[in-house]
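Below: the structure, in structure tokens.
For ligands, and for the atoms within them, numbers begin at 1 and follow the listed sequence.
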Amino acid sequence: MNSKYEAVIGLEVHAQLLTDTKIFCKCSTKFGVPPNTNVCPICLGHPGVLPVLNKKVVEFTVLIGLATECTINERSVFARKNYFYPDLPKGYQISQYEEPICEHGNISIEFKDGSTKDIGITRIHMEEDAGKSIHDMGFDTMIDVNRCGTPLMEIVSEPDMRTPEEAYLYLTKLKQILTYLNICDGNMEEGSLRCDANVSIRLKGETKLGTRAEVKNMNSFRNVENAITSEIDRQIDIIEDGGKVIQQTLLWNADQNKIVPMRSKEEAHDYRYFPDPDLMPVVVEETWRNEIASKMPELPEKRKQRFVSQYSLPKYDAEVLTSSRELADYYENILTITDDYKSASNWVMTDVLKVLNDEKINVANFPISSENLGKLIKLINDKVISGKIAKDIFPELLKSNKDPNEIVKEKNLVQISDTGAIESAVDKILSANQAQIQEYLSGKEKVLGFFVGQIMKETKGKANPQIVNDILKSKLELLRM
Ligand code: ADP
Ligand code: MG
Ligand code: ZN
């Protein structure tokens with residue numbers, strides 16, 4: 001980026017809420033059912049019907065508002081946003097405009113070096129989704145109105161971000177909070193989290209905002225970062241060529257990695273917003289607000305700090321383990337079986353996460369139960385098996401999720417701690433490797449590793465490594481005399 005300029009970025013995020021039913025009717029929000037089956041006169045906007053607000057939508061929105069330190073307005077109002085589009089049979093979308101439910105919050109983002117920055121939240125409001133136009137069925141455009149009336153909330157940030165990285169971190173953090181609250185699944189690829197990026201540039205030191213363009217249609221976190229980067233470059237080129245950025249809506253084309261124009265930007269007055277006469281103002285009194293607040297789960301930041309203090313984990317471990325609520329739960333469930341906090345962390349951060357990444361699955365689909373992984377760790381700590389054998393059992397667990405105690409019994413993997421048995425293995429290896437004994441006696445202590453390796457092989461990895469080491473060293477020292 002040309003260093004004369006600074007970018008200014010504000011994000012509008014739409015999050016689809018995990019309610020069973022729609023926002024103003026009893027239709028199901030279930031995904032993947034035949035087109036145009038989850039509908040009723042209310043979500044189709046037939047004349048004379050009356051919408052009834054889904055209480056859950058209010059509770060979910062208040063939760064995210066509290067989690068992002070917003071003011072929760074005691075009174076908020078639904079408004080009609082009027083526009084024509086084939087996937088909007090009513091001809092208007094019910095949203096909130098002048099009086100949203102939450103305002104003036106913030107989300108703290110953390111950079112790689114540990115420093116943080118607060119990004120302001122302008123407002124969070126409730127609204128309904130529109131249907132879907134389907135263009136790729138080979139002929140004409142098809143309309144599926146199942147999604148009409150699906151509850152959304154829109155989270156609007158202040159223009160506080162300055163780099164594509166900050167936007168990426170903000171989105172990641174927002175998704176983390178939403179999924180911890182269990183109010184949105186946060187899946188950008190499937191459209192349950194959608195992000196529009198407002199981007200402008202200005203000369204460094206300038207305090208006035210430049211003209212913004214709005215980029216839509218990014219379907220992954222990386223795409224948001226890439227789209228903003230390329231939009232910044234596009235605007236700088238325009239200014240450097242003596243031109244002017246015009247306020248417009250643009251589309252990100254992920255296949256070609258480029259921005260394409262969509263339409264000139266509409267203005268708010270084009271929508272003829274007015275309070276919806278069919279809906280009462282939403283009133284969230286203090287008692288209800290407190291009741292919702294009491295259901296607030298531990299949020300990622302708090303949980304991370306607790307992992308450090310309660311389990312003495314390095315900050316890095318705590319960060320990785322609390323990256324998602326499921327992973328943090330999985331980790332803490334292991335601790336109901338073993339109190340070896342650090343070993344449990346190591347197993348999750350290396351062995352478990354490797355499988356999750358390789359198989360592209362999430363913890364919910366991980367084949368080994370937290371209980372069985374806990375038992376495996378306990379077997380090592382109780383000195384029943386060696387760490388090496390545990391690593392061999394792990395792939396077995398991936399296949400069967402059997403109780404590791406059973407596997408150890410069946411395959412006779414119990415660690416050999418019987419000194420007699422280990423002694424004879426040591427003797428056998430020593431007598432077969434006279435040359436290495438001489439090397440050791442002449443001061444090359446490194447050959448110890450060779451001997452240990454051979455002895456472990458001889459005992460099929462089952463010898464207790466500590467006892468092997470002790471016996472081996474004392475026998476070698478005896479030879480010195
Ligand atoms: P609209 O709904 O018409 O897009 P909003 O007022 O809701 O308008 O603003 C949308 C977003 O644009 C907000 O996130 C805000 O922070 C951001 N924004 C406003 N002005 C600018 C600007 N000049 N540069 C970058 N972002 C901006
Ligand atoms: Mg906008
Ligand atoms: Zn309906």
N-O pairing of Lys402 and Glu396 below 4.0 Å: no
Ligand-residue contact atoms, ligand 1 with Val156, heavy atoms, under 4.0 Å: 13 (C), 14 (O)
Over 12 non-hydrogen atoms of neighbours within 6.0 angstrom of CZ in Phe31: no
N/O separation below 3.5 Å, Val199 to ligand 1: no
Atoms in ligand 1 with a heavy atom of Val8 nearer than 4.0 Å: 24 (N), 25 (C)
Any N/O pair Thr211/ligand 1 closer than 3.5 Å: no
Residues Arg303 and Glu332 bridged, charged N to O under 4.0 Å: yes
Arg222 to Tyr168, cation-pi by 6.0 Å centre distance and 45° axis angle: yes
Nitrogen or oxygen of Ser200 less than 3.5 angstrom from that of ligand 1: yes
Ligand 1 to Gly210 polar contact by distance, N or O atoms, under 3.5 Å: yes
Lys/Arg cation over aromatic Tyr273: Lys81, 6.0 Å, 45° cone: no
Contact atoms of ligand 1, heavy-atom distance to Glu214 under 4.0 Å: 4 (O)
Structural part of Leu11 in contact with ligand 1, heavy atom criterion under 4.0 angstrom: backbone
Lys173 to Tyr170 six-membered ring, cation-pi geometry met (6.0 Å, 45°): no
Pairing residues for Thr179 by the side-chain contact (heavy atoms from CB on, under 4.5 Å) criterion, not counting sequence neighbours: Lys175
For the Zn ion (ligand 3), every protein N/O/S atom that sits closer than 2.8 Å, waters excluded: Cys25 SG, Cys27 SG, Cys40 SG, Cys43 SG
When the side chains of residues 274-286 are checked against the rest of the protein, which donor-acceptor pairs come out under 3.5 Å, sequence neighbours left out?
unit_1	atom_1	unit_2	atom_2	d
Asp276	OD1	Asp278	N	2.7
Asp276	OD2	Arg80	NE	3.0
Asp278	OD2	Arg80	NH2	3.2

For Pro159, atoms of ligand 1 separated by under 4.0 Å from a heavy atom: 16 (O), 26 (N), 27 (C)
Residues that Phe111 engages under side-chain contact (heavy atoms from CB on, under 4.5 Å), provided they are two or more places apart: Ile109, Asp113, Ser115, Lys117, Glu165, Glu166, Leu169
Residue pair Ser200 / Gly210: nearest heavy atoms and the distance that separates them: CB-O, 3.6 Å
Option set Glu158, Arg123, Arg202, Arg212, criterion heavy-atom distance to atom 5 (P) of ligand 1, minimum: Arg212
Stacked cation flag Lys342 on Trp347, 6.0 angstrom / 45 deg: no
